[in-house]
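Structure record follows, encoded as structure tokens.
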Protein chains: 2
Amino acid sequence: MRRPLTPSDRRILRVLQNDGRITNAALAEKVGLAASPCLRRLKALEDDGVIEGYRAMVNRKALGLEVEAFVFIKLEQSEPGWRTRLVERLKGYEEVIACYALAGEVDLIVHAVAKDIESFGEFTMNRLLTLPGVADVRSSFVLSSIKPPGAVPVPDHA
Amino acid sequence: MRRPLTPSDRRILRVLQNDGRITNAALAEKVGLAASPCLRRLKALEDDGVIEGYRAMVNRKALGLEVEAFVFIKLEQSEPGWRTRLVERLKGYEEVIACYALAGEVDLIVHAVAKDIESFGEFTMNRLLTLPGVADVRSSFVLSSIKPPGAVPVPDHA
DNA sequence: AGTGAAATGACCATAAT
DNA sequence: ATTATGGTCATTTCACT
């Protein structure tokens with residue numbers, strides 16, 4: 001059972017989602033706490049799994065990854081074991097920066113990046129379509145990031 | 001014009017994508033640099049926009065956000081101005097944690113969260129479907145996060 | 001509040017262009 | 001010579017008890 005979040009906890013989460021590398025001293029000042037209790041709350045949020053980690057957001061184009069796409073996958077009827085292994089393979093591909101199982105028409109949505117269209121093609125043709133259990137693969141290229149992956153809203157009441 | 005990334009830069013990016021809050025001292029040790037040059041490279045990566053920011057990854061369920069979904073939007077033929085305003089409205093919704101313009105069947109993909117199905121319904125019915133210029137809205141709930149939003153691959157050569 | 005660690009800036013060394 | 005890299009040291013600031 002997890003403690004309910006205090007208003008301070010919520011302020012901490014809001015700040016840390018926008019600047020995950022802020023020092024504890026500056027964080028404390030922003031949320032209106034002294035450094036010491038602020039640090040204790042931060043550790044508690046980490047220990048409780050409310051904060052799952054911290055990540056630098058890297059500009060993919062700066063790394064020469066010019067292509068970003070969503071891949072919509074439909075699966076064949078198949079034994080559960082196949083599905084597990086398919087999903088494990090998917091997770092292993094470094095082109096896959098996120099992947100979700102969905103309810104509805106499409107079974108899996110894959111968020112992928114690649115350095116160019118050619119290597120993206122190689123990825124879908126040789127490494128997605130060939131996975132056993134895959135019935136259909138459709139890709140849509142990202143034209144623009146309207147709102148880049150961002151903060152989850154922190155409601156005032158839990 | 002951006003400097004090419006050095007091998008040290010790449011190591012820094014790989015580490016920081018997995019632990020965005022690592023101290024500079026520990027980062028330096030991991031990538032095999034002294035603290036001072038390590039910090040200088042880090043700042044340069046930030047200044048050049050290679051690192052766009054740092055974010056605490058927050059467990060949405062800990063915040064009472066039980067529902068996660070992808071919303072696929074098709075737009076009507078319309079003047080460019082309408083589209084711009086539609087996109088601005090979309091960006092403003094706190095339920096929208098990411099949004100992309102796509103090539104293909106679907107024009108926009110919206111990654112959204114909500115506290116329950118009812119409030120998600122309110123969001124799609126009252127705040128998405130009513131946007132001028134929207135022709136079609138389809139939602140798929142996320143059943144599981146197979147691979148949570150993660151690191152972009154950092155190739156050895158740019 | 002105090003102590004040990006970290007961040008940060010000034011300055012030097014080396015190598016490649 | 002200039003530019004880009006990395007290192008060392010001294011000082012300030014921070015983390016954490």
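Convention: sequence-line order gives letters A, B, ...; per-chain numbering from 1.
Side chain of Lys43(A), nearest nucleotide from dT8(C), dT5(D), dC16(D): dC16(D). Listed candidates were dG7(D), dA7(C), dA15(D). Nearest to the side chain of Thr23(B) is dA7(C).
The 5' end of DNA chain C is approached more closely, in terms of each residue's nearest nucleotide, by Ala25(B) than by the other of Ala25(B) and Arg40(B). Between Arg21(B) and Pro4(B), it is Pro4(B) whose nearest contact on DNA chain D lies nearer the 5' terminus.
Distances shorter than 4.0 Å separate some side-chain N or O of Ser8(B) from OP1 or OP2 on dG6(D).
In this structure, Arg127(B) forms a cation-pi arrangement with Tyr93(B), its terminal cationic atom sitting closer than 6.0 Å to the ring centre and no more than 45° off the ring axis.
A straight line from CG of Leu39(B) to P of dT8(D) spans 16 Å, rounded to a whole angstrom. In this structure, Asp47(B) places its CG atom 16 Å from C1' of dA4(D), rounding to the nearest Å. For Leu33(A) and dA15(D), the CG to C1' distance is 16 Å, given to the nearest whole Å. Per the geometry, CZ belonging to Arg3(B) stands 7 Å off P belonging to dA4(D), to the nearest Å. Atom CG of Leu5(B) and atom C1' of dA4(D) are 14 Å apart (whole Å). Distance CD (Glu29(B)) to P (dG7(D)): 12 Å, rounded to an integer number of Å. Look at CD1 on Ile22(A): it is 15 Å from C1' on dT13(D), rounded to the nearest Å. When rounded to the nearest whole Å, the span between CG of Leu42(B) and P of dA7(C) equals 10 Å.
In this model, a donor atom of one side chain and an acceptor atom of the other lie less than 3.5 Å apart for Tyr54(A) and Glu46(A).
With salt bridges taken as basic N to acidic carboxylate O contacts below 4.0 Å, none links Arg41(A) and Asp47(A). Between Glu105(A) and Lys74(A) there is a salt bridge, since at least one side-chain N of the basic residue sits less than 4.0 Å from a carboxylate O of the acidic one.
Residue-level contact check: Ser36(B) touches the bases, meaning some heavy atom is under 4.0 Å from a base atom. Contact annotation for Ala34(B): base contact, defined as any heavy-atom pair under 4.0 Å involving a base atom. Backbone-only engagement by Arg41(B) is indicated by non-hydrogen atom pairs under 4.0 Å involving sugar-phosphate atoms exclusively.
You'll find the side chain of Val152(A) stays beyond 4.5 Å of the side chain of Arg55(B), heavy atoms only.
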